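Data first, discussion second: the structure below is written as structure tokens.
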Amino acid sequence: MRPIDKLAVNVVLISKAIDETEKVTKTTPKTDNGYFYMKNDALYVKFDEIDDHGTIHTLIKVSKGKALIQRKGHVSMNQPLVKNEEMAGSYSGPYGEMNTLAKTHKIKALWDSHLKQGWIQLNYELQVQGQYVGYFDLTYQIAPING
């Protein structure tokens, strides 16, 4: 794959959250269509999440030891992640804009250029406005739409 060549992909998000009461919330796998591409040694996945309130445009960027989650729409988020570090970000939703702080434990990505499929895994603890929200384990499974 040449840099910037976009591959149409199906993105399956499997998420698990553990809140401050140690309650585990698992979500059922969510599937969205989008694009995968590589640029300057970074993996990019762009897709649209559609829910009852509208569309959220999502971008996940992963490079060595770093990641970025950007969401734009009725819910917006800009959260940089760096392994073993705390990084400030922002979240905007129905209650306005709030500051976030994420301490990242794991950033892993695998892309098989022959099979044109792979995954991204992100684990982090999140605070919003200084309040601990929970531990998040997100896995994005990426596969070609016509594959």
Side-chain angles (χ1 to χ4, degrees), residues 1 3-113 116-143:
M1 177 178 292
I4 316 293
D5 278 357
K6 291 182 180 180
L7 174 67
V9 294
N10 182 271
V11 180
V12 177
L13 169 60
I14 301 168
S15 67
K16 180 171 81 170
I18 303 171
D19 69 16
E20 68 279 354
T21 64
E22 300 295 320
K23 180 182 173 195
V24 177
T25 304
K26 291 185 180 181
T27 62
T28 51
K30 183 168 179 9
T31 303
D32 296 292
N33 291 334
Y35 293 95
F36 170 88
Y37 60 97
M38 297 178 73
K39 179 181 173 185
N40 300 330
D41 295 324
L43 306 177
Y44 292 80
V45 179
K46 290 180 85 169
F47 57 95
D48 288 341
E49 300 173 69
I50 300 169
D51 64 19
D52 294 340
H53 304 289
T55 301
I56 303 169
H57 307 288
T58 302
L59 169 71
I60 308 294
K61 174 187 176 185
V62 179
S63 57
K64 189 173 174 107
K66 297 180 181 178
L68 176 66
I69 303 171
Q70 283 186 331
R71 302 172 80 206
K72 295 181 181 176
H74 65 87
V75 171
S76 296
M77 179 181 194
N78 187 29
Q79 185 62 61
L81 303 170
V82 177
K83 189 174 180 186
N84 299 322
E85 291 188 26
E86 289 185 344
M87 299 295 293
S90 63
Y91 173 86
S92 179
Y95 303 107
E97 185 159 337
M98 296 178 271
N99 295 323
T100 61
L101 186 67
K103 179 172 171 115
T104 306
H105 299 285
K106 185 188 291 185
I107 298 173
K108 286 192 172 187
L110 176 69
W111 182 254
D112 184 320
S113 56
K116 292 186 169 66
Q117 65 184 24
W119 51 265
I120 295 169
Q121 186 178 24
L122 306 172
N123 301 132
Y124 57 91
E125 292 178 74
L126 185 66
Q127 293 180 35
V128 176
Q129 293 295 103
Q131 184 76 23
Y132 183 79
V133 177
Y135 177 88
F136 294 85
D137 180 1
L138 307 177
T139 301
Y140 298 88
Q141 297 174 343
I142 308 156

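A quick note: this is a predicted structure, and the numbers were derived from the prediction, not measured. If you read the sequence from its start, that first residue is 1, and numbering goes on from there.
Judged as a side-chain hydrogen bond (donor to acceptor under 3.5 Å, both in side chains), and not counting sequence neighbours, Thr104 has no contacts. For Asp137, the side-chain hydrogen bond (donor to acceptor under 3.5 Å, both in side chains) test picks out Gln121, Asn123, with sequence neighbours left out.
Distance CG/Leu101 to CE/Met87: 9.5 Å, rounded to 0.5 Å. Remark: Asp48 CG to Thr58 OG1 distance equals 7.5 Å, nearest 0.5 Å. From Asn84, atom CG reaches atom CG of Leu81 across 12.0 Å, with rounding to the nearest 0.5 Å. For the atom pair Glu86 CD and Gln127 CD, the distance stands at 6.5 Å (nearest 0.5 Å).
Screening Asn78, Val82, Ile60 for a side chain to side chain contact (heavy atoms under 4.5 Å, CB included) involving Leu68 leaves a single residue, Asn78.
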Under the criterion side chain to side chain contact (heavy atoms under 4.5 Å, CB included), I'd like the reasoning laid out for Leu126 against Gln79: C-alpha separation, chi angles, the key distance, then a yes or no.
CA-CA 10 Å; Leu126 185 66; Gln79 185 62 61; 4.1 Å; yes
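Residue pairs satisfying the ring-ring contact (aromatic ring centres under 6.0 Å, His included) criterion with at least one member in residues 116-137, sequence neighbours excluded, are listed as follows: His105-Tyr135, Tyr124-Phe136. Residue pairs meeting the salt bridge (charged side-chain N to carboxylate O under 4.0 Å, His left out) criterion with at least one member in residues 51-75, sequence neighbours excluded, are Glu49-Arg71. Under the ring-ring contact (aromatic ring centres under 6.0 Å, His included) criterion, the residue pairs touching residues 42-63 are Tyr37-Tyr44, His53-His74, with sequence neighbours excluded.
Closest approach of Leu138 and Ser15 over heavy atoms only: CD2-CB, 3.4 Å. Contact record, Ile107 with Ala67: CD1-N, 3.8 Å, taken as the closest heavy-atom pair.
In this structure, the side chains of Lys116 and Trp111 come closer than 4.5 Å at one or more pairs of heavy atoms. A heavy-atom distance below 4.5 Å is not found between the side chains of Asp32 and Ile50.
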Determine all donor-acceptor pairs shorter than 3.5 Å in which one atom belongs to a side chain in residues 89-99; sequence neighbours excluded.
none

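Not one N or O on the side chain of Gln141 forms a donor-acceptor pair closer than 3.5 Å with the backbone of Gln117.
In this structure, Asp112 places its CG atom where more than 12 heavy-atom neighbours from other residues, nucleotides or ligands lie under 6.0 Å away.
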